[in-house]
Amino acid sequence: MNKGLSASIHSRLFGKIFLSFLLVLFVWTMIFLAVNAVILNRSFAYHYNRLAQDPPQALREELQGMMGGEGNMMAPGGGQRLFGVRLLEEVQTLFRRSVNTAVRYASLAAFVVAILSSLVIARQLVQPMQHMSLAAQRIAEGHYAERVSLPEDLPRQNYDEWQDFAYQFNLMAQSLEDTESMRRQLIGDVAHEMRTPLTTIRGYMEALADGVMPAEADTYARIAREADRLQHLVADLQELSRVEAGAVPIEISALVPADLVENTMARLRLQFEEKGVALNARLAPGLPPVLADEERVHQVLLNLAQNALNYTPAGGSVTLSVARDKDQVHFCVQDSGIGIGAEHLQHIFTRFYRVDRSRSRESGGSGIGLTISKHLVEAMKGTIWAESEGEGRGAAFHFTLPAARESDR
Amino acid sequence: MNTMEEETRSRAKTQETAMADVKILVVDDERNIVDLVTAYLKKEDYQVLSAFDGESALQLARQHQPDLVILDIMLPRMDGLEVLSRLRRESDAYVIMLTAKTEEIDRVIGLSVGADDYVTKPFSPRELTARVRAALRRLRKANPPVDENAPHQVLQFGALRIDLDSRKVFIGELEPEFTMTEFDLLAVLAQNRGRVLSREQLLEKVWGYNYFGETRVVDVHVGHVRQKIGGDYISTVRGIGYRFESSPQ
């Protein structure tokens, strides 16, 4: 209870409402006093005039008696006669009436002004809520750019509850807008990625039907390759949505880096030999085991190495190296390929981002492998980044994983 | 019966020799698509050149002066639109763009260096070939052997003069550049002045086909023609098509 009260008093909105009440009270009082002061004299004059024009009989007699003679003030009969009783009574009535009239008018005026000021204040208090409600409605209708306006010159720590609420509301709207635009972008990108294989499949089918393309192994193989591309795209998309939702189970265990590298190389050796690119490994001595999910690290290494292969021409080389970096183990996939321009480096992990949109189509990448790798490395409490000295000068992809301590082994 | 057959064969033969002279350049970075389109065009006995990137496309076009170019937008090194605008400066080859997105269409033919036609991916190679065939028919019609001494057929509307034989358009002393498609469109509209032509009719008369149901290309080219001759000559008849006004206000 006490705590609730002190919280209320510290609340800025509470202060505003409290001040509003005080303000109305103050306005009422001031108007009352002001109107009273102005009216009282007039009211007095009014009632005085009425009395003077038509005084009651008793007063008239009394006044006449008073006028009768100064010497008669003291009655000869001895006993004191009280003069002016009537007059006093009339003056009292006169005063009471004037005050009553003044109070009545002043109250009425103060009341009207208090109602008006209450209306204004109430509106002021309710308006932000209405704005927010309107904005929420607009957003629900799909206008994601809608925002509640906030005072620009007011520092954020001075916001009251409503303004704070509006601020949070705007943050929410922003995040909705971002999500929506990302969703649109994603759909556009996916549609684009699907179009090329679809064009080929459809066109070749038509060509086979028309007898334009020979019905032989090579033609079918081309169609099958395009279908594979679609299949990969679908698998990648599924994986992407799972890693983005954090729905990929990560089973951490202590892994020996040399084994990881060796497994990756074994898987890729054939592909590298086919293209004529050398694949090397460089392992620092005395490496500690890493804490990671074996399958996922493997996936990341494969992805990076394959990516390096895609962008390295025949005769080039790709090197997998592992070194210790304090309590982290640092993996690096370095290639002698076409490199990445500085302007592209920061976007390289963005899904579907391509340095040259048309170039990687022939290499079969869907543009989501790096995004998946990033999510996986981060899920294993590591970091991933890319470096390149520029186009034509090769690229290096780095990632770190936590090293196992003695106690973990 | 026999003679008829022979006649068709000989006609086919003359057409064949005509076809072999036609050079078509196919540009796409996707090898499969180039192969596919090439196979279709070879079947029609056209001479086909192919390129996989923008720079070599431009180089090939300069070397061989193709009559028709099939050009993808997304190309390595130089994108299709850049290739198109450079190509337009030195050649009036008929250009069909391959676009991946429908939003790109306006960009493609909306450019002042506009392509003559476009096809959206995934496209049907059969349809593409039909369009090529229609375009080449027009190309041949556009360059008929002209009798030098015969008087030129000229249409005159106020300041606008259309010389149908030399395929030139004059506005007063000015002679704006017209692409083949733009000229054909203007000529058809002017020859049918006062009559409303539907978009489908225009597609058929100008592009040589109307069976694909997409008429956006007509609107964009009418826009270009209007830009060149002023807006008063061609009026839009809502919901139907266009009409050439023989006496514009």
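In what follows, chains are A, B, ... by sequence order, proteins preceding strands, each numbered from 1.
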For the pair A:R222 and B:E30, evaluate salt bridge (Lys or Arg N to Asp or Glu O under 4.0 Å) and give the outcome as yes or no after the intermediate values. CA-CA 12 Å; A:R222 285 186 190 212; B:E30 195 77 12; over 6 Å; no
Give a yes or no answer on whether the side chain of A:R195 reaches the backbone of B:P122 with a donor-acceptor pair at less than 3.5 Å. no
Between A:E206 and B:R126 (side chain of the first, backbone of the second, donor and acceptor by atom type, cut-off under 3.5 Å), is there such a pair? yes
Non-hydrogen atoms of A:R202 and B:S124 that approach each other most closely: NH2-CB, 3.2 Å
So, taking the atom named [atom1] in [X] and the one named [atom2] in [Y], what distance separates them when rounded to the nearest 0.5 Å?
| X | Y | atom1 | atom2 | result |
| --- | --- | --- | --- | --- |
| A:T200 | B:K121 | OG1 | NZ | 8.0 Å |
| B:L36 | A:T219 | CG | OG1 | 10.0 Å |
| A:E226 | B:N32 | CD | CG | 5.0 Å |

For B:E177, does the CD atom have more than 12 heavy-atom neighbours from other residues, nucleotides or ligands under 6.0 Å away? no
Heavy atoms of other groups near B:D92 CG, more than 12 under 6.0 Å: no
For the pair A:Y204 and B:D35, evaluate side chain to side chain contact (heavy atoms under 4.5 Å, CB included) and give the outcome as yes or no after the intermediate values. CA-CA 10 Å; A:Y204 274 67; B:D35 286 355; 3.7 Å; yes
